[in-house]
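A short write-up of the structure that comes next.
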Amino acid sequence: MPGDAPDLSDHPLMKHLNAPQREAVCHAHGPLLILAGAGSGKTTVITRRIAWLIEEEGVHPGSILAMTFTNKAAEEMRDRVQRLVSVPLEQLWVSTFHSFCTRILRREGDRTPVGRDFVIFDPSDQKSLMKQVLAELHLPEKQFHPRKVLEVISDFKNRCLLPEEAREEALDPWTRKVLEAYDLYQKGLRSHRACDFDDLLLYTERLFREPALQTAYGDRFKFILVDEYQDTNRAQYLLVQHLARRHHNLCVVGDEDQSIYGWRGADIRNILDFQRDFPEAVQIKLEQNYRSTQRILDAASSVIANNSQRLGKTLWSDLGHGESIVFKLTDEGRLEAEWVVQRILELRATDAEAKVAVLYRANWQSRQLEEALRARNLPYRLVGGVKFYERQEVKDLISYLRLVSNPFDLVSFRRCVNAPSRGVGPTTLAKIEGAIPEGGTALEGLADLLRRGELKGRAQREMGRFLELFRRAAGEREAQGLAGLVRWVLQESGYLQSLEDEGTLEAEGRIRNLEEFLSAAAEAESLGVRLSEFLDRITLAADADQVEESAHLSLMTIHCAKGLEFPYVFVVGMEEDVFPNRNARETPEGLEEERRLFYVAITRAQRRLTLTAARRRRIMGTEMLGMPSRFLREIPAEALQAPIRWGTELYQAGEGVRPGSSFTRGAGGASVATELQRIRGFFDRVRAQAEEPADPSGHRDEQPEPEPESRPAAGAWPGGTRVRSPRFGRGIIVASSGSGDGLTYTVRFAEAGEKRIVARFGMLEKEG
DNA sequence: CCTCACTGCATTTTT
DNA sequence: TGCAGTGAGG
C-alpha cells in the first residue's frame, strides 16, 4: 500500500491496526476525512493519531485541538492519549464544543454582549425566561408554547442567525411573533448576563469572524480534530472552518449513517460535503468492524441500505456469523417488559457477569421495564431521565451559587429568594424587580427597598437576612473555598433546616441529594476547580457522561447509547408510532433519521441482539394498538432466528385499526375485546381473498403493501395546501397522516401555531 | 401567601 | 400516566 511502508507496521503506535487505520494514524498534514463505521476502532485511531503527531511529528500538545460532543468522550480521549505518549498533556485541548466555547468566551468575552462573567442557562432557566418574555409581549402560551418557541429560536441560533438576520426567514405571522420573542429573549439573556447552550456556539463563532482572533487561534491550533463530525450544526461547522482556515490540518471523523441529531440542528451535509469544502482532502474508510458478529452487521447493513443520504460503507467482521437475531412479539407492554427481564435472568444463570443493555426510543419507555426489574429484584442502571442537577433541591441550591457568582442572574434570584419559603410572593417580587436600578442587580434593588422601609413585617425581616447572606458570601467564598461555601449556604440560607423540619421521607431523600452535591463540590475543589467553572461543568454535564460501562444492566435511550457497546442488547418497543416515532414519520428525512437511529441500536450489540414489540400498550393512560415497526421488514430473513410471519402477526397486532386511535374500555365506544373482534373479522376477509401470507421466504417480496397510516389516502390534500379553519383561521398543511375517518392534518396556522386537525371534525376549507 | 386538589394536556431524542 | 398549571380555602 502506498504511504504505508512496511517498517511502519512495526511502530508501537501501529500495533494491531489494519491498513486503513495505519494510514489514518500517520496522515499528519492536510485535510483528512475518516469515515468510521460503527465499531471500527475509531477512538483507537484518533488517539493514536494524536500520539503520532506528538511523538513522531514533534507537534507541541498545545497546538492540537480535539473536539467532541460529550465530556465523557473528551475524557476518554485524553486518558488514552496520555497512556500513549511520554509528555504531559495539560496543554492539549480536548473538550466538547460547548466547553471549548465557554473557555473562549471566558477569555475573550469582553467583546460579547454578556461579558465574561456570564452564567449558562439550562433548558428550565430558558423556559422561565421565555415565559416572562411571552407575558411581556402579551402572547398567549396556548398558541406560543414556550418550548416550541424556544425550539424555533434554537433553530435560528444553530444556523447562526440573530433576530435581525432571521427576518427574511420569518414569513408567516406566527414566526414573525416568534422573532419578536427571540429579540426580547436575547435582551433578557443580556441583562441577566446569561448564555443559553446555543449562545455559547453562536457568540464564539462571531468572535472568530474577527480577523485578529481568527488569526490568533488559527495560528495556535495547528492541528484540529473533530469527532462525530456528522453531528455538527452550522455554528459548529463555521467555527471549525474559521480555525482550520490557516493550516488546513483538519481531521474530521464521522459516520453519516449514525447522524441522529438532525432535530438539534445537526446538518448531515457537513460530512457529505467535506470533500467539496476541501478538494485536496484525503478520505479513508474504516469498514472492518471489531465489535459485532457478521449476522448483526448484515442486519444493520440491510436496514441502512434503505437510506438515500449516504456516502456508502460496508461493514464486515471476522468474528464469525454468530447468533441469529431474535424478534419477540408480546401481547402487551407489561408482558414485553417481563419477557425481557425473564431473558436477562436466564442469561444471568449461565453468565453472572453478562453485560446487558436495554435500549428504547424515548425515556418514558423505561418505566415499565423498571417496574418489571424491581419486581424481580434485578439491579439496574438507568441513564438519562431526570438529571441529578435538575432536581428541585439541587437547582435551588445552585441558584444561590449562581447568584453569588453572577448577581445579574434574575432567574436564579427569583428561584432562591423564596426557597425556603420566605413569604415572598408575586407581589413582593414585583416590588423588588421594580426597584432594580438601571443596569443594576436584584440584590441592589432589594437593598434599596429595605433602606426606604418599603417592606413590612415578615418580608422585611427575612429579606434583611437574605441580603446579608449575599453580602457575606463573597468573603466566605474566599475564606472557605468551594465546598465550604456550599456548606455555608446550606446552613445560612435555612434551606437545610427547612428540609429537616419537614421530616418526611421525601425531604430525607432531598437532604441526601444535597449531601451528594456537597461531595461533588468537594471533589471539584480538590481538583482546583473554582466556583464559576464548577457551575459551567454542572450545566454542561450530559446524560451520556454518567454512563458507567461497568454496569451489568443499563437502561437508556438509543441516543444515549451511541458510541457504546454491549455483548447483549435488547431493543424494545419495535412498533409503528413508537419507533419510528410518530412525529418523525411525517417526512422522508425524519424517517431516514429514525432508520439511522435503528442502525445505531443494532450496531451496539456485540454477540446477541433481541428485538421486541407489543401488540397493545398503554400510552399516556390510554390503551393503544400498534403495528410492528416497518423497520423489522428491513432485516433480512436469514439474519433472524425465525421469520417474522407478517400476515399472522399483523392479524393479531390489529392491522386495519387506525394507528393513533384509542379505545377507552367500555366508555362510550368499543371495548378492546370488541375492537379486536372487528379486526379479526377484517383480517379473516383479507385472508380469504389473499394467498396464505405466512410464507416465510416470500414475505419480503410482498412488500410495499400500502401502509395506510404513512401514505395519505387518495383525495387528501397534499402538504403546502392553504386551508382555512373556522376555529384557527388561515393556515398551511405541513403534513397529513391516516386515511378515511382517521385522516389527520398537521396545519401551521398563521395565528395559532401548529395544530393537528382530524379532517372529519376540523371543517377545513381549501383556500383559493 | 401557602397548600391542596382538580383538570387538562402532553412524550421524542440532548449539549 | 403523571405533571404542570389553576383555583378554592385556610
Side-chain angles (χ1 to χ4, degrees), chain A residues 67-74 95-102 120-124 126-128 131 141-142 145-148 150-151 154 157-158 195-202 228 231-233 235-236 259-266 333 359-368 371 383-387 389-390 392 418 420-429 457-459 462 536-546 556-562 573 577-586 590 593-594 596-598 600-601 617-624 662 756:
Chain A
M67 302 275 225
T68 62
F69 276 84
T70 66
N71 298 297
K72 187 164 169 280
S95 69
T96 67
F97 272 101
H98 292 267
S99 39
F100 171 80
C101 291
T102 307
I120 303 171
F121 268 17
D122 71 17
S124 70
Q126 292 182 52
K127 197 173 155 198
S128 64
K131 286 183 159 194
E141 287 191 18
K142 279 258 150 57
H145 203 37
R147 259 191 43 204
K148 178 85 191 162
L150 282 166
E151 229 170 75
S154 175
K157 290 189 176 183
N158 286 158
C195 287
D196 64 20
F197 287 150
D198 299 324
D199 286 339
L200 297 173
L201 303 175
L202 184 115
E228 309 279 16
D231 289 333
T232 50
N233 61 32
Q236 288 158 334
S259 160
I260 55 176
Y261 286 106
W263 51 274
R264 209 171 70 189
L359 309 181
Y360 35 81
R361 174 67 240 263
N363 276 309
W364 59 264
Q365 297 177 61
S366 71
R367 195 162 50 233
Q368 276 189 323
E371 280 165 16
V383 182
V386 199
K387 276 171 248 163
Y389 294 116
E390 281 170 12
Q392 188 189 178
N418 208 32
S421 166
R422 296 189 174 91
V424 175
T427 330
T428 316
L429 197 57
R458 182 176 173 214
E462 297 274 18
D536 289 348
R537 283 194 193 196
I538 285 170
T539 30
L540 294 178
D543 278 341
D545 296 338
Q546 45 139 348
M556 66 187 94
T557 64
I558 301 167
H559 281 92
C560 265
K562 192 163 90 152
D577 286 357
V578 175
F579 194 18
N581 185 283
R582 160 181 259 276
N583 307 302
R585 217 184 42 184
E586 315 273 352
E593 182 151 315
E594 293 290 297
R596 289 193 292 266
L597 197 53
F598 186 41
V600 169
R617 185 186 293 286
R618 264 186 114 68
I619 297 179
M620 279 188 252
T622 47
E623 191 87 18
M624 308 281 284
S662 57
R756 287 178 69 89

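Below, chain A is the first sequence line, B the second, and so on; all start at residue 1.
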Holding to side chain to side chain contact (heavy atoms under 4.5 Å, CB included), I want the full list of residues that pass it with A:Glu462, two or more places apart in sequence or in another chain. A:Arg422, A:Arg458
The nucleotide from B:dT14, B:dC1, B:dT13 with an atom nearest the side chain of A:Thr428 is B:dC1
Qualifying residues under side chain to side chain contact (heavy atoms under 4.5 Å, CB included), relative to A:Asn158, sequence neighbours excluded: A:Ser154, A:Asp198, A:Asn233
When we call it a touch if two heavy atoms are under 4.0 Å apart, what does A:Arg617 touch: a base, just sugar-phosphate, or nothing? nothing
List in chain and number order the residues that pass side-chain hydrogen bond (donor to acceptor under 3.5 Å, both in side chains) with A:Glu151, two or more places apart in sequence or in another chain; answer none if no residue qualifies. none
When you measure from the side chain of A:Thr96, which nucleotide among B:dT14, B:dT13, B:dT15 comes out closest? B:dT15
List for me each residue that meets side chain to side chain contact (heavy atoms under 4.5 Å, CB included) alongside A:Ser124, sequence neighbours excluded, and say none if there are none. A:Asp122, A:Lys395
Under a 4.0 Å heavy-atom criterion, the protein footprint on nucleotides 1-10 of chain C, written with B, S and -, is BS--S-----
Any ion pair linking A:Lys562 and A:Asp231 (charged N to carboxylate O, less than 4.0 Å)? yes
Among all residues two or more places apart in sequence or in another chain, which pass the side chain to side chain contact (heavy atoms under 4.5 Å, CB included) test with A:Ala459? none
With centres under 5.5 Å and planes under 30° as the test, does A:Trp263 stack with B:dT12? no
Answer with base, sugar-phosphate or nothing: what part of the nucleic acid does A:Asp231 contact at a heavy-atom distance below 4.0 Å? nothing
